[in-house]
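Scroll down for the structure; my scribbles are underneath it.
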Amino acid sequence: MTATMRAERFYSDTKRVELEDVPIPEPGPGEVLVKVAFCGICHSDLSLINGTFPPQAPVVTQGHEASGTIAKLGPDVTGWAEGDRVVVAAGRPCQVCPNCRRGDLSNCQRIKLMAFAYDGAWAEYTVAQAVGLTRVPDNVPLEQAAILADAVSTPFGAVVRTGKVAVGESVGVWGVGGVGTHIVQLARLVGAVPVIAFDINPAVLERALELGADYAFDTRDDRLYERVAEITGGRMLDVAFDAVGLKVTFEQALSCVTVGGRLVGVGMSAESPTVGPTAMFGLTRKQVLGHLGYQNVDIETLTKLVSAGRLDLSRSISEIVALEDIHRGIEKLERQDGNPIRILVKP
Ligand SMILES: [Zn+2]
Ligand SMILES: [Zn+2]
């Protein structure tokens, strides 16, 4: 008789998420079985449920932002032991595409995404490749470790890799919800000054100030441009992050970027913003950069920053729900009930 576990399974035909008993998976060569401690509920999980993202499998266990402890080693796994605290990588390089073959695994052209292409961690156990696991220092809570796999690492990638924010640069962040608050914190950590938060929600603007923004503005303010000019000595922003991805936020953020500055698009929607006349775009030499994700090594960097007390994620976990109550967590995220930064599932 095989042992079973509870898992929240998404069915692509009915678009339903169902709690089921399924066999505990067996780790293959190079893989480990991880007992899931916590797993985040991400907007991209909602996108699979509401049909914005096309399904990649008829049925899949969702959840791609997981921490836990190793429960069993598969054949040929060395350097890890049962009980080790880990963050699970949210994707698997294909190993066969041209980039993988030349050793550039982080730029895999056909990366398989956890919880989309293969089973994720809204379950008691999940199987992960040993390569790509990140060890969690003892003083980092597993709640905070879980969100390093996406909610904090995607902002890290935007600030450090795509935006390349340097010490002393002025930064603006449009939308300071789950992604944007972490952009604010990381921009401040790398030495940006000033860091300015933009949103329409007074509660999240106040929270952004508490988490390290120097200024916070309502984007509907008629004098917004003048205010940004005033606090940047007339220069405007070196780097703007659009964590929302609407036409209005993208274009407003771009208008607040200085000559030669960068706009990093992090949020996504179906809307089509414009960069305006190409003559002005060329004259102002603005750079518009699309952003997605992070590199797996960034998770380890973040565990060090949290462990050393440089990055405080104590406010990032808004709520923890039981696996049985996942629908409540999904609804709260959908409605932005209580302005959650991250809601976690505890299997
Ligand atoms: Zn995600
Ligand atoms: Zn590949």
Side-chain angles (χ1 to χ4, degrees), residues 8 10 17 30 36 38-57 60-67 87-123 126 128-129 131-132 134 143-158 162 175 177-183 186 243-245 265-269 290-299 302 313 316-319 321 326 329-330 332-334 336 340-345:
E8 291 283 0
F10 169 76
V17 177
V36 179
F38 299 96
C39 185
I41 304 175
C42 175
H43 279 279
S44 62
D45 296 312
L46 305 191
S47 296
L48 184 64
I49 298 169
N50 68 28
T52 310
F53 287 177
Q56 296 180 16
V60 72
T61 301
Q62 287 193 278
H64 56 270
E65 206 179 51
S67 65
V87 176
V88 176
R92 292 176 182 170
C94 75
Q95 315 268 5
V96 294
C97 75
N99 279 348
C100 280
R101 278 204 303 255
R102 66 203 288 259
D104 189 8
L105 300 185
S106 60
N107 284 315
C108 171
Q109 292 165 287
R110 289 193 289 273
I111 190 153
K112 296 190 186 75
L113 295 178
M114 178 175 180
F116 297 89
Y118 62 94
D119 283 340
W122 288 355
T126 192
Q129 288 180 333
V131 171
T134 304
E143 292 89 327
Q144 293 179 22
I147 66 170
L148 300 182
D150 188 11
V152 191
S153 45
T154 292
F156 180 94
T162 305
V179 169
T181 52
H182 293 135
I183 295 178
L186 290 161
V244 184
V266 183
M268 297 183 209
S269 76
H291 176 75
L292 182 76
Y294 56 92
Q295 293 188 10
N296 209 61
V297 294
D298 298 341
I299 299 176
L302 287 163
L313 299 177
S316 296
I317 314 300
S318 307
E319 190 173 344
V321 298
I326 196 145
I330 290 170
K332 277 199 147 178
L333 179 62
E334 245 167 0
Q336 292 293 302
I341 294 182
R342 213 36 147 199
I343 298 172
L344 298 184
V345 181

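Ligands are counted one by one from 1 in listed order, and the atoms in each one are counted from 1 as well.
- Here the angle at the Zn ion (ligand 2) defined by SG in Cys97 and SG in Cys100 stands at 110°, rounded to 10 degrees.
- A salt bridge between Glu319 and Arg342 is absent, with no side-chain N of the basic residue lying under 4.0 Å from a carboxylate O of the acidic one.
- Side-chain contact between Ser153 and Leu148: absent, with no pair of heavy atoms (C-beta onward) separated by less than 4.5 Å.
- Shortest non-hydrogen contact noted between Val266 and Ala158 is CG2-CB, 3.9 Å.
- Using modelled atom types, no side-chain atom of His64 and backbone atom of Leu113 make a donor-acceptor pair closer than 3.5 Å.
- Between the NE2 atom of His64 and the OD2 atom of Asp150, the angle centred on the Zn ion (ligand 1) amounts to 110° when rounded to 10°.
- For the pair SG of Cys94 and SG of Cys108, the angle whose vertex sits at the Zn ion (ligand 2) is 100° to 10 degrees.
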